[in-house]
Amino acid sequence: MARTLAMFTDVSLCIGCRACQVACKQWNQLAPEEPEWTGTYQNHAHFTDKSYRLVRFFEETDDKGQIKQWHMMSDVCKHCAQAGCLEACPTGAIYRTEYGTVNINQDICNGCRYCVSACPFGVVSFNHDTGTATKCTFCNDRIHNGLGPACAKACPTQSIRFGFRDELAVVAQQRVAELQRLGYKDAQLYGEDTNGDLGGLNAFFLLLGKPGLYALPEKPKLPQRNVIVDSLLSIGSALVVGLGALVAFRGRAGQGGA
Amino acid sequence: MEPGLLKSADWPALIDLYFFLGGIAGGAFVIATIANLIDSVRYRDIVRVGYYIAFLAVTPGPILLTVDLGLPTRFLHMLMVSKPSLAIGMDAVTVGPFHLKPFSPMNAGAWVLLGFSLVAFLAALDVFLEHRGGRSMRAFRVVVGVIGMFFGFFLAAYPGVLLGATARPLFISAHWLGALFLAVGASTGGAAIAFILSLQGGQRRDALSRLMRFTAFALIVELAALALFILAVSATGSAGITRALAHLIAGPFSLPFWLGAVVLGILAPLALQFGGVIRKAAPAMTALVCALILLGGFVVKYVIIAAGQAT
């Protein structure tokens with residue numbers, strides 16, 4: 001496998017211009033959608049089959065309910081090292097590329113939507129026109145031709161950076177240390193650590209507060225880790241039911257309680 | 001895990017119906033096989049009706065799934081594709097165009113559906129030929145029955161494991177859904193056989209009584225698994241997950257859950273069974289109890305899936 005490619009999004013540099021969102025739409029030729037009122041400048045509320053990149057707006061309030069700070073975060077598919085969508089996919093349509101990214105083969109996807117409910121970040125969307133699941137590919141066609149993803153190219157503040165994961169991780173750690181020195185005590189990395197349940201995110205973030213502030217799960221779980229425990233409990237249930245049937249049907253005729 | 005920005009697959013009721021019928025098919029096959037292994041003569045009617053029900057209940061499965069997916073070839077992609085990719089998941093096995101993904105319950109379930117359909121057909125054909133005066137192939141039936149019994153357990157349970165392997169807040173910490181769905185399959189499978197036998201009349205009361213006793217036992221396992229499911233979900237302590245559970249047991253889905261699934265589907269049949277009403281009353285009462293169990297079996301699956309998808 002080639003060196004893993006990754007995306008590092010530094011929310012402290014995001015100005016909420018949404019150039020990334022527009023560039024994503026243009027390069028991937030995603031159709032326009034009806035605007036959606038979310039109560040903030042965010043549009044849309046969630047990733048859709050026509051919005052792979054989404055700038056989220058959050059208003060942090062103080063104890064009195066007054067707005068304390070605006071937070072903006074350009075969100076994208078995390079291309080998890082252990083991806084819930086990929087593991088769930090029953091057809092093998094979702095696969096890992098040589099660069100460590102996660103793609104959906106549209107010719108194989110059968111539209112079962114299991115991946116949609118298996119993504120711990122709500123990234124994968126179902127396209128009702130094609131009957132298949134879609135999501136960000138890190139601009140697969142661009143990265144295979146030596147270009148970075150369109151969103152990273154368009155970002156005017158270098159809030160979105162793209163490159164080799166190991167190099168970006170060093171940059172991210174230096175940036176966190178710098179922000180903490182400047183007084184941003186809650187500055188932290190999200191998804192850079194490869195020891196988590198998902199094995200690290202190939203799109204990781206620098207946040208200015210706890211993940212919950214950005215509607216991100218504190219400790220995202222790989223749903224497929226439940227398969228073994230749930231299956232063992234099912235086997236236990238099968239043994240109990242099977243024994244119950246043996247007891248119920250055994251014995252001489254006439255002893256059945258009739 | 002907080003629900004935050006999670007999405008739902010929004011599976012339609014067609015999928016619930018498939019899960020329900022798959023449970024009946026698996027449960028009926030297991031019951032018929034165990035009855036056949038214990039005493040194939042005394043339980044001849046249970047074996048015959050059980051294998052018929054297993055075959056008839058599993059047959060609509062691929063059709064329902066294909067209707068949901070839109071094209072027959074799309075269902076085939078669950079099992080095979082012309083050019084499979086290499087990196088498709090943990091412990092995935094690819095042989096030629098075929099692929100098996102043990103950590104994708106939907107993929108494993110599709111294979112089991114295929115295998116179960118084959119053995120259910122063979123078992124139904126065997127009892128049909130015997131009923132028409134043909135020679136009984138006992139060894140063949142035992143082999144098919146034992147293989148199908150494992151498939152049957154899997155078919156009944158895997159939808160619960162499948163749901164547990166999603167990020168939906170109600171499901172991700174549940175753990176007991178597979179066990180619950182298996183017990184529902186056993187109770188509805190038993191109820192389906194008893195329903196047909198009670199309508200036919202003139203059956204051996206001893207066999208029917210034993211079948212109802214097993215069905216009541218399966219209902220108790222179902223009730224225990226349901227309680228453990230609720231306990232496991234509530235024990236997580238996560239606000240988002242607690243909200244999702246409240247949606248099921250105290251929110252918009254609470255009426256069908258408590259009245260349809262718990263009271264009518266489990267408690268009322270158990271009360272009638274243990275109150276001795278079934279043993280003393282006419283077959284019509286047995287049929288009514290079985291109908292309640294079947295209704296409750298569908299409602300419990302429907303309402304859990306609907307609540308999980310809504311929150």
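Residue numbers start from 1 in every chain, and the chains themselves are labelled A, B, ... in the order their sequence lines are given, proteins ahead of strands. Because the structure is predicted, anything quoted here is derived from the model rather than measured.
Closest approach of A:V247 and B:R213 over heavy atoms only: O-NH2, 4.3 Å. Minimum heavy-atom separation, B:P12 to A:R113: CD-NH2, 3.4 Å. For B:A165 against A:V227, the heavy-atom pair with the smallest separation is CB-CG2, 3.9 Å. B:V161 and A:S231 make their closest contact through CG1-OG, 3.9 Å (heavy atoms, listed as atom of the first residue, atom of the second, distance). The two atoms that bring B:I34 and A:G242 nearest to each other are CD1-O, 4.0 Å, heavy atoms only. Residue A:P120 comes nearest to B:A167 through the heavy atom pair CA-CB, 3.9 Å, listed as atom of the first residue, atom of the second, then distance.
Atom OG of A:S234 sits about 10.5 Å away from atom CZ of B:F181, to the nearest 0.5 Å. Taking CD of A:E87 as the start and CG of B:N107 as the end, the distance is 11.5 Å to the nearest 0.5 Å. Rounding to the nearest 0.5 angstrom, the gap separating the CG atom in A:N105 from the CD1 atom in B:I88 is 11.5 Å. The CD atom of A:E218 lies 10.5 Å from the OG atom of B:S238; values are rounded to the nearest 0.5 Å. We find the CG-CG distance between B:L180 and A:L233 to be 11.5 Å, quoted to the nearest 0.5 Å. Taking CD of A:Q224 as the start and OG of B:S104 as the end, the distance is 7.5 Å to the nearest 0.5 Å.
Of the atoms belonging to A:C109, it is backbone heavy atoms, and not side-chain ones, that fall under 4.5 Å from chain B. When heavy atoms are compared at a cutoff of 4.5 Å, B:V81 approaches chain A solely by way of its side chain, counted from C-beta outward. In this structure, no portion of B:D39 lies under 4.5 Å from any heavy atom of chain A. Both the backbone and the side chain of A:A245 have a heavy atom closer than 4.5 Å to some heavy atom of chain B. Only the backbone of A:I94 comes within less than 4.5 Å of a heavy atom of chain B; no side-chain atom from C-beta onward does. Interface residue B:L69: backbone and side-chain heavy atoms are both found under 4.5 Å from chain A. The contact between B:H99 and chain A is made entirely by side chain atoms (from C-beta outward), counting heavy-atom distances below 4.5 Å.
Under the 3.5 Å distance criterion, the side-chain polar atoms of B:R210 are matched with a main-chain donor or acceptor of A:A248. Looking at B:R74, its side chain does come within 3.5 Å of a backbone N or O of A:G131 through a donor-acceptor pair.
Residue A:F58 places its CZ atom among more than 12 non-hydrogen atoms of other residues, nucleotides or ligands, all under 6.0 Å distant.
Taking B:G164, B:A157, B:G190, B:A186 one by one and counting their heavy-atom pairs under 4.5 Å with chain A, the maximum is reached by B:G164. Interface remark: of the candidates A:I108, A:V229, A:I235, A:I108 forms the most heavy-atom pairs closer than 4.5 Å to chain B. Between chain A and the options B:L71, B:I15, B:D68, the largest number of non-hydrogen pairs under 4.5 Å is found for B:D68. Ranked by heavy-atom pairs under 4.5 Å with chain A, the list B:L211, B:T73, B:L228, B:T215 is led by B:L211. The greatest number of non-hydrogen atom pairs below 4.5 Å with chain B, out of A:G122, A:P90, A:A118, is found for A:P90. Contact tally against chain A (heavy-atom pairs below 4.5 Å) for B:G308, B:P105, B:A183, B:S187: the top residue is B:P105. Listed options B:S8, B:A9, B:S82 were ranked by heavy-atom pairs under 4.5 angstrom with chain A; first place goes to B:A9.
Side-chain contact check for B:F153 versus A:S237: every heavy-atom pair is 4.5 Å or farther apart. Using a 4.5 Å heavy-atom threshold, the side chains of A:Y114 and B:L162 count as touching. Using a 4.5 Å cut-off on side-chain heavy atoms (C-beta onward), B:K101 and A:C89 make contact. The side-chain heavy atoms of A:R225 and B:I172, taken from C-beta on, include no pair separated by under 4.5 Å. Contact annotation: the side chain of B:L6 never approaches that of A:F121 to less than 4.5 Å [non-hydrogen atoms, C-beta and beyond]. Taking the side chain as every heavy atom from C-beta outward, A:C112 and B:M106 approach each other to under 4.5 Å. Looking only at side-chain heavy atoms (C-beta outward), B:K7 and A:F47 come within less than 4.5 Å of each other. Looking at A:F249 and B:I46, their side chains come closer than 4.5 Å, going by heavy atoms from C-beta outward.
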side-chain contact (heavy atoms from CB on, under 4.5 Å), that's the test. Do A:Q82 and B:M90 meet it? Break it down for me. CA-CA 9 Å; A:Q82 289 267 284; B:M90 292 188 284; 3.8 Å; yes
Candidate pair A:S117 and B:W11, rule side-chain contact (heavy atoms from CB on, under 4.5 Å), full reasoning: CA-CA 10 Å; A:S117 63; B:W11 286 314; 4.3 Å; yes
Step by step, would you call B:F171 with A:N226 a side-chain contact (heavy atoms from CB on, under 4.5 Å)? CA-CA 10 Å; B:F171 303 146; A:N226 289 339; over 6 Å; no
Candidate pair B:F103 and A:I228, rule side-chain contact (heavy atoms from CB on, under 4.5 Å), full reasoning: CA-CA 8 Å; B:F103 281 90; A:I228 291 177; 4.0 Å; yes
